[in-house]
Amino acid sequence: MFTIATWNINSVRLREGLVARLLREESPDILCLQECKSPVEKIPMQAFRELGYTHIVARGQKGYNGVAILSRLPLEDAGDRDYAGLGHARHVAARLENGVTIHNFYVPAGGDIPDREQNIKFGQKLDFLTEMRDAFHADNPEKSILVGDLNIAPREDDVWSHKQLLKIVSHTPIEVEHLGAAQDAGKWVDITRKDIPEGLLYSWWSYRARDWDAADKGRRLDHVWATPDIANAAHGSRILRPVRGWEKPSDHVPVFATFDL
DNA sequence: ATGGTAGCAGGGCTA
């Protein structure tokens, strides 16, 4: 049995202390980070190693993007892919000794205007998702877990107002359609919603709100998926809302799941 | 309708 968590940390160097706190207080076996905003060699690995997370697989670049997998369980680097040819550090994979593959994704946010003619970044986001679809269609993933900041809240109850967000990037029908196509191509099961099928569920609250907690205008952008052969081993999903209230927080909170494997 | 905050880098870009 192991517990896996995903967290967009918005700078792993600035928030090294918050990562250490989560590792100490919740002790996931595996923690997948996004938006590390650091070259791999500048990730504060020693601090994480001292807490028992001695197996680290990461991809990074200066200032933007960046993904890392910190693990107490042995794992090997299983490569990365430059989806949509952006040259960004937005994906890395690792394999556990039991044969389970972990994919850690940071899907592009996509800018503000939901139109690829007016906004190149929106087109790149759709292209990234289309290449995910094609890759999963070709690979037929098995014994795999996919986590990360997918930057899309697909369901009506994944946002504070479905109606008010229909034209807001992260919840537009075309994005939801593209994400669904990628999910279907890999037969991925949404583990968080398998465990918590009903009700509002958010993993992100904007920094721009005066009072994020009172306004509660959240979105579920961070996801844990698994292939059908291991999906029934998953349970105990949690979204750690209180982490948004920690000092100098990320705008995202960790999402957890446990697998009996 | 607009602007609101944050990180990196040390000006604007990205979110």
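These numbers come from the heavy atoms of this one structure, side chains and all, not from hydrogens, waters or symmetry mates.
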Seminar exercise, completed: A:Y64 OH to B:dG11 P, in whole Å, measures 13 Å
Exercise. Could you state the OH-P distance from A:Y106 to B:dG7, rounded to the nearest angstrom?
Worked result: 14 Å
For this session: For B:dG3 versus B:dG7, give the span between their P atoms, rounded off to a whole number of Å.
Result: 22 Å
Problem set entry | Apart from A:F122 itself, residues in the same hydrophobic cluster as defined by side-chain heavy atoms under 4.5 Å | A:L126, A:V169, A:I174
Exercise. Can you tell me how far P of B:dA15 sits from CZ of A:R219, to the nearest Å?
Worked result: 14 Å
For this session: Just call it for A:K248: base, sugar-phosphate, or nothing, with non-hydrogen atoms closer than 4.0 Å on any strand.
Result: sugar-phosphate
Seminar exercise, completed: Quick note, ring-ring contact (aromatic ring centres under 6.0 Å, His included) partners involving residues 165-186 of chain A, not counting sequence neighbours, are A:H162-A:H171
Problem set entry | Heavy-atom side-chain proximity of A:D158 to A:R193 below 4.5 angstrom | yes
For this session: Tell me whether the OP1 or OP2 atom of B:dA9 has a side-chain N or O from A:K37 closer than 4.0 Å.
Result: no
Problem set entry | Selection residues 131-147 of chain A - residue pairs positive for salt bridge (Lys or Arg N to Asp or Glu O under 4.0 Å), sequence neighbours left out | A:R81-A:E131
For this session: Would you kindly give the CG-to-P distance between A:N8 and B:dG7, to the nearest whole Å?
Result: 12 Å
Exercise. Closest to the A:R90 side chain: B:dG12, B:dA15, B:dA9?
Worked result: B:dA15
For this session: Using the test ring-ring contact (aromatic ring centres under 6.0 Å, His included), find all partners of A:F2 that sit at least two apart in sequence or belong to another chain.
Result: A:F259
Exercise. Looking only at atom P, what distance separates B:dA9 and B:dT5, rounded to whole Å?
Worked result: 22 Å
Exercise. If you look only at pairs with a residue in residues 14-59 of chain A, which of them pass as a ring-ring contact (aromatic ring centres under 6.0 Å, His included), with sequence neighbours excluded?
Worked result: none
Problem set entry | Co-membership, hydrophobic cluster, residues A:I43 and A:Y64, 4.5 Å side-chain | no
Exercise. Salt bridge (Lys or Arg N to Asp or Glu O under 4.0 Å): which pairs involve residues 32-49 of chain A, sequence neighbours left out?
Worked result: A:E35-A:K37
Exercise. Using a side-chain heavy atom cutoff under 4.5 Å and only I, L, V, M, F, W and Y, what cluster partners does A:V107 have?
Worked result: A:Y83, A:L86, A:F105, A:F128, A:L129, A:M132, A:F136, A:L146, A:L150, A:I152, A:V176, A:L179, A:W188, A:W225
Any N/O pairs under 3.5 Å between the protein and nucleotides 2-4 of chain B? List them or say none.
| from | atom 1 | to | atom 2 | distance (Å) |
| --- | --- | --- | --- | --- |
| B:dG4 | O6 | A:R208 | NH1 | 3.2 |
| B:dG4 | N1 | A:R208 | NH1 | 3.1 |

Exercise. Under the 3.5 angstrom rule, does the side chain of A:K194 hit a backbone N or O of A:A234 as a donor-acceptor pair?
Worked result: yes
Seminar exercise, completed: A:L14 atom CG is separated from B:dC8 atom C1', nearest whole Å, by 10 Å
Exercise. To the nearest Å, how far apart are A:N10 CG and B:dT14 C1'?
Worked result: 10 Å
For this session: Please state the C1' separation for the pair B:dG10 and B:dT14 - nearest whole angstrom.
Result: 16 Å
Problem set entry | Whole angstrom value for the distance that separates C1' of B:dA15 from CG of A:D222 | 13 Å
For this session: Kindly state which residues belonging to residues 107-126 of chain A come within less than 4.0 angstrom of DNA chain B, counting heavy atoms of the residue only, listed by number.
Result: A:A109, A:K121
For this session: With DNA chain B as reference, determine whether A:H252 or A:S11 sits nearer its 5' end, using the nearest nucleotide of each.
Result: A:S11
Problem set entry | For atom CD1 of A:I152 and atom P of B:dA15, their distance in whole Å | 13 Å
For this session: Write down the distance separating the P atoms in B:dA1 and B:dG12, rounded off to the nearest Å.
Result: 30 Å
